[in-house]
2 protein chains.
Amino acid sequence: MENSVLQQSQALFVRRWGEMAASWGISRTMAEIHALLFVSLQPLCTDDLMEQLQVSRGNVSTNLRQLVTWGLIQRVHQRGDRKEYFVAETDVWEMFEIITRERRRREIEPIIETIDKCSEMILPTLTSADGPERDEIVLYQQRLDEMREFLNLVNSLFNLLIKVGKPRVAVLMKTLTNFGLATRE
Amino acid sequence: MENSVLQQSQALFVRRWGEMAASWGISRTMAEIHALLFVSLQPLCTDDLMEQLQVSRGNVSTNLRQLVTWGLIQRVHQRGDRKEYFVAETDVWEMFEIITRERRRREIEPIIETIDKCSEMILPTLTSADGPERDEIVLYQQRLDEMREFLNLVNSLFNLLIKVGKPRVAVLMKTLTNFGLATRE
DNA sequence: TAATATTTTCAGTACCTTCTGAAAGGATAG
DNA sequence: CTATCCTTTCAGAAGGTACTGAAAATATTA
């Protein structure tokens, strides 16, 4: 089969998507598999993915399983074919929710917990220490608080975005833009 | 020098910060150096960092240079000491702006450009193709558009957040929360 | 100027993640 | 049941990133 313009365009998208994911700490191949399913009209099977991405069966299998666990793709069956096929979640907004929920749980929550623990640790010393040592503790406490506050903000923003959801994003953006203009000094 | 509670707490924070950064595709050591400077009252020199993080001089030197390039830390000089010392940008909001600006430039812009290019590529074929092939192209175009729209939204949100800035974030959050409540079905 | 202190660079090494390929496991058809 | 088709697993290999340590470069002092 010759390479159609459509295939060339899709290959370009898939490659770039993989590169972007790699720089965000996500396996390149996993992202490429997801991208390929995302742009495909028909479900794809393991052999399709192996051929198009030139990777091994084991690699495809492992990454498919992870993508299913994330909830970013689903198994589907074709009548009269034993093979398993896969389709991607194609609602970009849903994808956003899935990814941010999981990454917040894995990477934002732990750092928030750690910050709280760090604050607790130094609490008793704040009352006992004095002089330059006390200054150091107070400053450290301040910086922890600021970081904690910022992470709270990020969390709230994501929650809000997800709650607002796709249908009302346009309205939200308008509100935000107005806000930006209205409070400009 | 014995390990004070303060030092233990800071070490905990530094370690966790490094782990978090690593899962976001940022070098663990670079993040640890930044975290250590962030929680320190005094500027630190290469030897301080080498000792506390147990890494080599070359490693510290390279990562310090990168952090300076990012604008996340600055060189400072101590009277009567030849050594170079470093301090971190401690305004969390400023840090956020620096990091998001750079990462958007490196990782969001390229994928947006690629999506536009992918769209352009298939534009001519849209008029010529027909039947199932045409369906496939139309669907692909739709998915590209949705993704493009989503990335635009993300960009706008970051721009707005940065423009609003630290002092007015509280007001922004209140506005957003009201919005969330007001449009809830 | 030379002597000394400090930083930077980078070739080689270590480490960690991802990938391969083949064997084992599992499902379906005959 | 056996044969066939397909998927999963995982030990070892490959590849890529980060690190070390020492030599070179640079800066400071005398």
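Protein chains get the first letters and strands the later ones, always in sequence-line order, with residue 1 at the start of each.
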Can you label the angle between the B:Phe158 ring and the B:Phe96 ring as parallel, tilted or perpendicular, going by 30° and 60°?
tilted
At 4.0 Å (heavy atoms only), tell me whether B:Thr62 reaches a base, stays on the sugar-phosphate, or touches nothing.
base
Atom pair distance, as rounded to whole Å: CG in B:Asn59 and P in D:dA22:
15 Å
If you check every side-chain atom of A:Thr29, which of C:dT18, C:dT20, C:dT8 has the closest atom?
C:dT18
Is it true that A:Ile98 and A:Leu67 fall in one hydrophobic cluster, defined by side-chain heavy atoms closer than 4.5 Å?
yes
For the pair made of CG in A:Asp81 and P in D:dC6, what is the distance, rounded to whole Å?
7 Å
Would you name the heavy atoms of B:Ser119 and B:Asp145 that are closest together and state the gap between them?
OG-OD1, 4.4 Å
To the nearest angstrom, the OH-P distance between B:Tyr85 and C:dT7 comes to 9 Å
May I ask you to test the B:Val92-B:Phe38 pair for a side-chain heavy-atom distance under 4.5 Å?
yes
For a quick test of reading the model: is some side-chain N or O of A:Ser61 closer than 4.0 Å to OP1 or OP2 of D:dT7?
no
Separation of C:dT8 P from B:Asn63 CG (nearest whole Å):
12 Å
Quick one: A:Gln66 CD to C:dC19 P, roughly how many Å, whole number?
10 Å
Nearest whole angstrom, please: distance from the C1' of D:dA27 to the CZ of B:Arg82.
8 Å
For the pair made of NE2 in B:His77 and P in C:dA5, what is the distance, rounded to whole Å?
19 Å
Would you kindly compare B:Arg57 and B:Ser27 by the position of their nearest DNA chain D nucleotide and give the one closer to the 5′ end?
B:Ser27
Return no unless some side-chain N or O of A:Arg65 is found under 4.0 Å from OP1 or OP2 of D:dT9.
yes
Flag the pair B:Leu12 / A:Thr114 as yes when at least one side-chain heavy-atom distance between them is below 4.5 Å, and no otherwise.
yes
Could you give the CG-to-P distance, from A:Leu49 to C:dC19, as a whole number of Å?
13 Å
For the side chain of A:Lys83, counting heavy atoms from C-beta on, which of C:dG21, C:dT7, D:dC6 is nearest?
D:dC6
Would one find a side-chain N or O of A:Thr46 under 4.0 angstrom from OP1 or OP2 of D:dC6?
no
